[in-house]
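Written out below as C-alpha cells is the structure these notes cover.
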Amino acid sequence: MPPRALNGIRVADLSWIVAGPQCTRVLADFGAEVIRVENPQTLDSVRLSRPHPQGLDPPDSSGLFNLFNRNKRSITLNARHPDGLAALKRLIAISDIVVENFSSRVLESWGLGYPELRAIRSDIIYVSLSGFGHSGRNRDYTTWGPTAQALSGLTVMSGLPDKPPAGWGYSYMDHTAGYSAAIATLAALRHRGRTGEGQHIDLSQVEAGMVLCGPAILDYTANGRSYRRAGNPPGNRAAWPKAAPHNSYRCAGEDAWIVITCLTHTQWRALCTVLAHPEWLQDPRFATLPSRLRNQDALDTLIEGWTTGRDPRAAMQALQANGVPAGMVQNGPAIARDDPQMRARGFTARNVHAVLGDHLTDGTPAHLSRTPARRDAAAPLLGQDNAYVYRRLLGYSEEGLRELEAAGALG
C-alpha cells in the first residue's frame, strides 16, 4: 500500500461529540496515528447515540460513533486522577498534536493549557475548538451545535418567511468547525516543518459558522439590507439568481424525485430537445427567462408530465448527456448501494467492526494521487489499545498498568 500523507504524525485526541472527532478523522484517514483518550465515567455521548443494531448495547455499538472514529485507537484514562494526568502528560510528550473541543477553561483546569503543553513538548500543536474561542468576553460560555448556529447567523437564514427561524435539525456547525480545524492543523504542521515552532490553534465554532453567512454580511455592508428569509414556495424555485425551470420534479417510484435547473438559454433549449417539445421555444409563455418566471406553475406541470413516468437516474443521465444540469434526489441507500459514480470513485467501501460486523463506510472526497486516504480500521472499542499505548508507547510495565487500573487512573 502507498504511504499516507500524515504517516509518522501522532495525535492525542481529547475531543468528543462531533467537531473534534470530525477533525481527527480527517487526520486519521490521511495516516496520522490518532489516540482517543476516553474516560469510561464520562463517556462521549456519541458512543451512546443511535443507530444501534437490534440486540446490541453501548458503548461499542453506535453507528454514529463508528462513522466519526474510524482509523483511530482508544485508551481509557481519568485526567482528574494524578496518576492518570501523569500518564496523559507522557502521551502528550510523544505526540505532535493535541486536539480538544471542551469549553475554554477545561484543559486549563487540568493544568494543561497551552503554556503547560509547551513545557511538556516545545513544538506541540494544540488545537482547540470551543464555541466562542479562548479569548473575548464570552470565552467561558458553553455552546452546542444548534446554539453555535444560532449565534453565527445561520439559524435566522433558515426557514419560511413570516415564520420563526427554523434552524437546522442536524448539527452541521460541528462538521464545519471540524473541517476548518483540520485545515488549520495542516497549516500549523507546515509551519512547524519550516521553523520547528508549534502553536495554539484557537478556533471558534461560532466564527466558523459566520463565514457561511458571507453573502448576507456583504449585502448589509454594501447595501444596508438586513437578511430576510425569502422562502421559495412552491417547490424549490430560485430566489437568486433567477432561473426557470428550477425545481424538483416527481419521478416514477415511491418518493422519487429529480432536480432540474436551467440557468442559460442554451440549457433551456437542450431541455426542450430532450423532452421532445421544441414548440416550447416559440411559446410566448416560455420563450424568454422573464416569461418563464411569470409562468413557472404551467412550466413545472409540463416538465413533471415528462419526469413522472421515468426512473430518476435514467432521466438524470438523459438530461446531463445533453448539457442540462439535473440530479436525482438520493437517499442513503441510493448513495451507498446504487450510485455508479460513487462506486467508480470508491466512495463507499466495506469495513469490519468487532461489534457491528461487516458494514459499508463512507469515503474521503479528496483523492490524493500519491498518498491517498485509507479506511484501514473501524472505530475502536472503548479502551482496546490500552496495552499498546501504555506499555509499548509510554513504557509502563504490566504491573504498572495493573496498578493504574486498580487506582482508578484509567477511569
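What's counted below: heavy atoms across the whole structure, side chains too, no hydrogens, waters or symmetry copies.
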Salt-bridge criterion met for [X] and [Y] (N-O under 4.0 Å):
{"X": "D338", "Y": "R343", "value": "no"}
{"X": "D362", "Y": "R25", "value": "yes"}
{"X": "D123", "Y": "R118", "value": "no"}
{"X": "E197", "Y": "R190", "value": "no"}

Could you tell me whether the side chain of [Y] reaches within less than 4.5 Å of the side chain of [X], counting heavy atoms only?
{"X": "V99", "Y": "I201", "result": "no"}
{"X": "N78", "Y": "L410", "result": "no"}
{"X": "I303", "Y": "L271", "result": "yes"}
{"X": "D140", "Y": "S104", "result": "yes"}
{"X": "C251", "Y": "E304", "result": "no"}
{"X": "S130", "Y": "R139", "result": "no"}
{"X": "T288", "Y": "S291", "result": "yes"}

Does NZ or CZ of [X] fall inside the cone over [Y]'s six-membered ring, less than 6.0 Å from its centre and within 45° of the axis?
{"X": "R225", "Y": "Y220", "value": "no"}
{"X": "R47", "Y": "F65", "value": "yes"}
{"X": "R90", "Y": "Y396", "value": "yes"}

Using distance alone, with no hydrogens and no angle criterion, decide if [X] and [Y] have a side-chain donor and acceptor under 3.5 Å apart.
{"X": "S95", "Y": "R10", "result": "no"}
{"X": "S61", "Y": "H52", "result": "yes"}
{"X": "H200", "Y": "S128", "result": "yes"}
{"X": "S158", "Y": "T155", "result": "no"}
{"X": "T76", "Y": "N386", "result": "yes"}
{"X": "D283", "Y": "H277", "result": "no"}
{"X": "D174", "Y": "Q22", "result": "no"}
{"X": "D300", "Y": "N247", "result": "yes"}
{"X": "Q199", "Y": "R192", "result": "no"}
{"X": "S74", "Y": "E38", "result": "yes"}

| request: Report the C-alpha separation of L189 and L6 in whole Å, then their side-chain angles, then the decisive distance to 0.1 Å, and conclude whether the side chain to side chain contact (heavy atoms under 4.5 Å, CB included) test is met. | output: CA-CA 10 Å; L189 280 171; L6 297 180; 4.2 Å; yes

| said: Among R70, R375, R4, which residue satisfies the side chain to side chain donor-acceptor pair (under 3.5 Å) criterion with D29? | reply: R70

| Test of ring centre spacing under 6.0 Å for F102 and W16 |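 Aromatic pair counts; centres sit under 6.0 Å.
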
| query | Once the angle between the rings of H175 and F68 is folded into 0 to 90°, is it parallel (under 30°), tilted (30 to 60°) or perpendicular (over 60°)? | reply | tilted

| request: Could you tell me how the ring of Y126 sits relative to the ring of Y114: parallel (under 30°), tilted (30 to 60°) or perpendicular (over 60°)? | output: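 Parallel: the ring planes of Y126 and Y114 meet at under 30°.
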
| query | Which heavy atom in A79 sits nearest to a heavy atom in L88, and how many Å separate them? | reply | CB-CD2, 4.2 Å

| query | Within a radius of less than 6.0 Å around CD of E279, do more than 12 heavy atoms belonging to other residues, nucleotides or ligands occur? | reply | yes

